[in-house]
Amino acid sequence: MMTLSEWMKIVEGTQAMNDVAKRFGLGQPDLHKAVEALTPAFMLGGLKFAPTMPNMQNPFAAVLEHKDLKDAIAHQAAMLSGLNEKLLVDIMPSVANAMADA
């Protein structure tokens, strides 16, 4: 079984995340901080929504449909990572997609 650390490396290595890093000027350390800070919320969202939405392409993206939840996740992730809250909101869809692809 793959560890969370191994899985995060796969997520961070996807083309989508490389594109996000380039677009926002993030180096690998900041990209890692962002993914690390956002992963718990996306994992919990995926676990919560996936069983009730079997046809959903990306259960990790379900948390993005709720603005208050999305904002709360970004706020918490910003506190944990030291990254800008707006940046985290902007990259959330790409992180969710990369997680689904991984």
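Since we're looking at a predicted model, the values are computed, not measured.
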- Show your working on side-chain contact (heavy atoms from CB on, under 4.5 Å) between Asp30 and Lys33 and close with a plain yes or no. CA-CA 5 Å; Asp30 284 340; Lys33 285 180 193 177; 3.8 Å; yes

- Check the pair Asn18, Gln15 against side-chain contact (heavy atoms from CB on, under 4.5 Å), reporting the backbone distance first and the verdict last. CA-CA 5 Å; Asn18 290 331; Gln15 187 59 47; 4.2 Å; yes

- Task: Identify the two heavy atoms, one from Ala98 and one from Met17, that lie closest to each other, and give their separation to 0.1 Å.
- Result: CB-CG, 3.5 Å

- Item | Val20 with Val89, same ILVMFWY side-chain cluster at under 4.5 Å | no

- Query: Once you round to the nearest 0.5 Å, how far does OG1 of Thr39 lie from CE of Met99?
  - Reply: 4.5 Å

- Can you name the nearest heavy-atom pair linking Arg23 to Ser94, along with the distance? NH2-OG, 4.0 Å

- Compare every heavy atom of Glu12 with every heavy atom of Leu31, then report the nearest pair and how far apart it is. CD2-O, 3.9 Å

- Between atom CG of Leu83 and atom CZ of Phe24, what is the distance when rounded to the nearest 0.5 Å? 12.0 Å

- Item | Residue from Leu80, Val11, Leu88 passing side-chain contact (heavy atoms from CB on, under 4.5 Å) with Leu38 | Leu88

- Do you know which two heavy atoms are closest between Ala34 and Ile91, and how far apart they sit? CB-CD1, 3.6 Å

- Message: Run the salt bridge (Lys or Arg N to Asp or Glu O under 4.0 Å) test on Lys67 and Asp71 for me, step by step, so that the C-alpha distance in whole Å, both residues' side-chain angles and the decisive distance to 0.1 Å come before the verdict.
- Response: CA-CA 6 Å; Lys67 185 183 178 340; Asp71 291 345; 2.6 Å; yes

- Message: Could you measure the distance from the OG1 atom of Thr14 to the CD1 atom of Ile10? Nearest 0.5 Å is fine.
- Response: 10.0 Å

- Task: Of all the heavy-atom pairs spanning Ala37 and Ser81, show the shortest one and how long it is.
- Result: CB-CB, 4.0 Å

- Item | Straight-line distance of Leu69 CG to Leu64 CG, nearest 0.5 Å | 8.5 Å

